[in-house]
> 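Take a look at this one; I'll ask things after.
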Amino acid sequence: MPSEQWTHPEPGDGPAAVAAQPSPEQVIAGLRATSEGGAELTQLLTPEGERVPSPQFDKYVEDIDAEALRGLYRDMVLVRRADREANAMQRQGQLGIWVPLLGQEAAQIGSGRALKPNDMAFPSYREHGVAYARGVDMKDLLGIFRCTDHSGWDYQRHGFHPYTIVIGNQVLNAAGYAMGQKFEGKVGDDDGEATICYFGDGATSQGDVHEGFVWAAVYDAPLVFFCQNNQWAISEPTERQSRLPLYQRARGYGFPGIRVDGNDVLACLAVSRWALDECRHGNGPVLIEAFTYRMDAHTTTDDPTRYRLSDELEEWKLKDPIERVRAFLARGGYADQAYFDSVQADADAFAADLREYTFNMPEPPPDRIFSNVYAEGNPVLEAQREEFLSYLDGFVSAGEH
């Protein structure tokens, strides 16, 4: 059957489905119109590493020469290697849990590198690549998953908010922050500020996300909603979340939506730069659907073999975000094997450093949980702190631990 979305179309968009209820084939055809995400997909690098010209978006990556593209490649390799090391450390009992990003490196590095220093990013709990792009030491991420920290970085200095575990809640936080940027007159020209908020396809079914859409739209907030559609909301596929491709939901709120190849770092960079530019000039918000795939489990507590087929995973391996950049660099003579080997060596050293730090991570003092709760002193909190420490001292004096 044709690869048309199952929906009531806008005038001129083509016929709607004739059945009152879509068949599974119709739903899948609509949401995955082709294996690459449909005719509306923005792509600058094919899975084979071939450059695709784009009259609309080429200008947003005019500065990305061979050296810059090698840098993006290196970013993705290092982030993937760190992700694999953290996954292994969780299996060895060094981390309580880990949330893999395998397969989503291009979406995160591309969008993260599009941000300017004064922009703010609001992550969920999988945006390790964005954290890296924002200059956050990846060692500071590990404390969250070792259960010793809520977040270990200065979010204002890095322009990167602490991780949010509650599904979709960061969208409300981001909407409020972006509204503040608008109210304070920090938008309107090239030097304007913008905010980007990350969430997954499953989060689009949460009320918080839709409330964020409403508020951002009504107040023209400079907010880029960046949905990483990795096809699986834990164990539920995208077709159980929406009858429309997710980027088209923006239409109902009155702002533009766009679908980009989430495995194409160059396209993710270009589209994110465009969207952020729209926002910083006062034309926001914008919804980006990065059409990608989660190559690993939802978290290390998940078993994806219980709900998805191995042939689907094998198909997406052919669209690996790192391999397509490697192919482009090699085909164009922009990098040789020695370069690729040096990047891999850097990645291995990067992972070894993270591993050494994790195995020797100091335990935080007990009163750490009372630090930075309020900007100024609070007598009630101080009383609770003293009571808690006195309670712990009682065990020490009794010879217990």
> If the threshold is 4.0 Å, N to carboxylate O, is there a salt bridge linking R280 and D119?
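The answer is yes: the pair qualifies as a salt bridge.
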> Using the ring centroid of each side chain, check whether Y73 and F340 are separated by less than 6.0 Å.
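Close enough - the centres of the two rings lie under 6.0 Å apart.
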> Does a side-chain N-to-carboxylate-O contact under 4.0 Å join R368 and D149?
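Counted as a salt bridge, because a side-chain N and a carboxylate O are separated by less than 4.0 Å.
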> Only one of R134, R70, R113 forms a salt bridge (Lys or Arg N to Asp or Glu O under 4.0 Å) with D75, so which one is it?
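Answer to the salt bridge (Lys or Arg N to Asp or Glu O under 4.0 Å) test with D75 among R134, R70, R113: R113.
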> Does this structure show an ion pair linking D63 with R273, if we count only N-O contacts that are shorter than 4.0 Å?
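A salt bridge is present here (some side-chain N lies under 4.0 Å from a carboxylate O).
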> Testing the 3.5 Å rule here: is there a donor-acceptor pair between the side chains of D83 and W98?
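Their side chains do contain a donor-acceptor pair, which is all the 3.5 Å distance test asks for.
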> Strictly below 4.0 Å, N to O, side chains only: are R51 and D58 in salt-bridge contact?
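Looking at D58 together with R51, the answer is yes, because their closest N to O distance falls below 4.0 Å.
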> Residues two or more places apart in sequence or in another chain: which of them pass salt bridge (charged side-chain N to carboxylate O under 4.0 Å, His left out) with K317?
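In terms of salt bridge (charged side-chain N to carboxylate O under 4.0 Å, His left out), with neighbours along the sequence ignored, K317 is linked to E314.
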> Does a side-chain N-to-carboxylate-O contact under 4.0 Å join D296 and R84?
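Salt bridge: yes.
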> Check the pair D137, Y357 against side-chain hydrogen bond (donor to acceptor under 3.5 Å, both in side chains), reporting the backbone distance first and the verdict last.
CA-CA 12 Å; D137 190 332; Y357 173 80; over 6 Å; no
> Is the shortest heavy-atom distance from the side chain of L329 to the side chain of V325 under 4.5 Å?
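Of all side-chain heavy-atom pairs linking V325 with L329, at least one is under 4.5 Å.
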> H128 vs F145 aromatic rings, parallel, tilted or perpendicular, using cut-offs 30° and 60°?
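H128 and F145: perpendicular rings.
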> Should we count CD of E67 as having more than 12 external heavy atoms under 6.0 Å?
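Open: at most 12 neighbouring heavy atoms sit under 6.0 Å from CD of E67.
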> Quick check, are the ring centers of F225 and F213 under 6.0 angstrom apart?
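Ring-ring flag for F225/F213: true, centres closer than 6.0 Å.
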> Kindly write out the residues that satisfy side-chain contact (heavy atoms from CB on, under 4.5 Å) with N118, not counting sequence neighbours, or none if the list is empty.
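If we apply the side-chain contact (heavy atoms from CB on, under 4.5 Å) test to N118, skipping adjacent residues, the hits are E193.
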> With under 30° as parallel and over 60° as perpendicular, where do the rings of Y125 and H298 fit, or are they tilted in between?
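Because their plane-to-plane angle is over 60°, the rings of Y125 and H298 count as perpendicular.
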> Between F350 and Y132, how do the two ring planes meet: parallel, tilted or perpendicular, split at 30° and 60°?
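Ring orientation, 0 to 90° scale: perpendicular.
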> Does the ring centre of F183 sit less than 6.0 Å away from the ring centre of Y219?
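Judged by ring-centre distance (under 6.0 Å), Y219 and F183 do meet the cut-off.
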> Please check this pair: side chain of E289 against backbone of Q228, looking for a donor-acceptor N/O pair closer than 3.5 Å.
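No, the answer is negative, given that no donor and acceptor are paired below the 3.5 Å cut-off.
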> Does the pair R308/E312 count as a salt bridge with the N-to-O cut at 4.0 Å?
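Between E312 and R308 there is no salt bridge, as every charged N stays at least 4.0 Å from the carboxylate O atoms.
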> Measure centre to centre between the rings of H161 and W153, then say whether the value is under 6.0 Å.
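No, they do not, as the ring centres are separated by 6.0 Å or more.
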> Going by side chain to side chain contact (heavy atoms under 4.5 Å, CB included), T358 matches just one of K139, E85, R146, Q92. Which one?
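Single side chain to side chain contact (heavy atoms under 4.5 Å, CB included) partner of T358 among K139, E85, R146, Q92: R146.
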> Indicate yes or no: does K319 engage E315 in a salt bridge with an N to O separation below 4.0 Å.
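Counted as a salt bridge, because a side-chain N and a carboxylate O are separated by less than 4.0 Å.
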